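Residue numbers count from 1 along this sequence. Atoms considered below: every heavy atom in the structure, side chains included; atoms not considered: hydrogens, waters and symmetry mates. The shown structure was predicted, so the numbers you read here are calculated from the model rather than taken from an experiment.
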Amino acid sequence: MNGLDFIKSKQQSWAKRKGFNVVGGTIPNRGEANYLPNLTDNLFEPLSKENLLSYQKGDGNETKDSKTRLAKMKALHSSSAIVVNLFQYWQGKDVCPILNVCKLTSRTTKVGYLIKNVGSVSPEKIPIIPSPLNYEIKFEEQFEISGDKSQFPHSPNIDVVIYTPLSTIGIESKFTEPYSSRKHGGLKQKYVENPSFWNGLPNLYELAKEISPNDTKFQYLDAAQLIKHILGLKKNSDEYNSNLIQKHHFVEGKRNLILKRNFHLLYLWYDVIGKEGSKHRKEIEQFAEIAKKDNIKFSHITYQEVITKLSKEFYNGNESYCNYLTDRYL
């Protein structure tokens with residue numbers, strides 16, 4: 001069984017256990033039965049109004065049926081559905097647990113302790129509860145790569161963005177895409193021909209030239225997409241920091257601290273058994289090594305790792321959420 005069939009089979013089994021009516025994605029009820037007629041049935045929680053609007057603004061027909069096909073998010077194997085199921089739950093909550101399990105921070109919401117009167121006959125253990133980190137989580141955010149709309153009319157969508165005071169964290173989600181027969185393309189020549197994109201990114205630039213206009217280097221990893229996300233995030237951070245410096249005033253004899261904004265790109269992917277999963281991981285690691293040489297904060301982790309750690313370390317208080325993720329995706 002290949003990776004795509006493996007994932008689809010697991011999702012179809014989940015739908016059966018739930019008693020859902022599974023239909024074909026082509027209207028009326030044609031094609032492989034791998035879609036749910038009701039979008040809400042495919043989600044742990046219904047999309048909030050804000051998130052629904054974010055997806056409706058996109059160009060991917062994620063939440064709206066067309067005349068011939070059901071919305072993409074209605075697919076059991078939808079990468080947007082899995083990312084919504086994981087991250088929407090944390091909007092408006094302390095995001096420490098989800099950041100922790102994605103290895104984006106070591107901080108957790110667990111109670112720590114301060115020992116008072118150490119060495120005395122009666123040391124006192126004082127609990128310390130960390131203050132919540134209510135950072136913003138957004139779906140389908142766009143980061144402009146170039147202001148030249150004649151050459152670059154569209155800005156790529158990032159599946160999830162978490163805004164923190166000092167960092168913008170972009171998350172690219174992959175479910176079945178790496179194992180699909182529909183292969184990714186390379187990086188268009190117009191990106192390579194614009195030298196302003198590559199300041200401080202010599203190694204990424206060499207890779208860009210190697211996979212432009214066709215990518216014969218990576219079979220499973222869409223490196224061109226990741227490069228475009230990095231360029232967009234970098235431009236956003238560079239402009240923010242430039243504006244910050246321009247607004248900053250220096251006091252004579254003193255230099256105030258400027259807290260610059262950086263960015264981090266996380267590749268969140270679903271692992272499969274066999275050669276496909278192994279080769280996909282090796283390609284991710286190859287890309288990570290190149291990004292590291294340019295001091296790009298790029299990391300990767302599997303959905304299985306994230307969900308397992310959530311259930312192990314943050315189950316209490318999040319039982320229904322953890323049970324849903326575990327039952328469906330592990």
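For an aromatic pair to be called close, the ring centres must be under 6.0 Å apart, and F175 with W269 fails this. Aromatic ring centroids of Y135 and W90 lie 6.0 Å or more apart. Taking the six-membered ring where the residue is Trp, the centroids of H264 and F298 are separated by 6.0 Å or more. Between F152 and Y191, the ring center distance clears the sub-6.0 Å criterion. Here the two rings, on Y179 and H77, have centers that are 6.0 Å apart or farther. Residues Y89 and Y324 keep their aromatic ring centres 6.0 Å or farther apart.
Taking 4.0 Å as the cut-off between side-chain N and carboxylate O, E144 and K235 count as a salt-bridged pair. For K217 and E283, the salt-bridge test fails: no basic side-chain N is under 4.0 Å from an acidic carboxylate O.
Between N203 and I290, the shortest heavy-atom contact is O-CG2, 3.7 Å. Pairing each heavy atom of N85 with each of N42, the nearest pair is ND2-O, 3.4 Å.
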Next item on the list: For side-chain contact (heavy atoms from CB on, under 4.5 Å), just list the numbers for Y303 and E305, CA-CA rounded to whole Å, side-chain angles, deciding distance to a tenth of an Å, and then say yes or no.
Entry: CA-CA 5 Å; Y303 270 103; E305 291 175 273; over 6 Å; no
Check: For R17 and D327, what are the C-alpha separation, side-chain angles and deciding distance, and is it a side-chain contact (heavy atoms from CB on, under 4.5 Å)?
Finding: CA-CA 10 Å; R17 294 196 300 273; D327 181 44; 3.1 Å; yes
Margin query: Before you tell me yes or no, could you show the steps for E32 and Q12 under side-chain contact (heavy atoms from CB on, under 4.5 Å), namely the whole-Å CA-CA distance, both residues' side-chain angles and the distance that decides it to 0.1 Å?
Written below: CA-CA 11 Å; E32 183 182 10; Q12 288 164 358; 3.5 Å; yes
Next item on the list: Decide side-chain contact (heavy atoms from CB on, under 4.5 Å) for F218 and L207; before the verdict, give the C-alpha distance in whole Å, the side-chain angles of both, and the deciding distance to 0.1 Å.
Entry: CA-CA 11 Å; F218 298 106; L207 175 61; 3.8 Å; yes
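Few gaps surround NZ on K209; more than 12 heavy atoms of other groups in view lie less than 6.0 Å from it.
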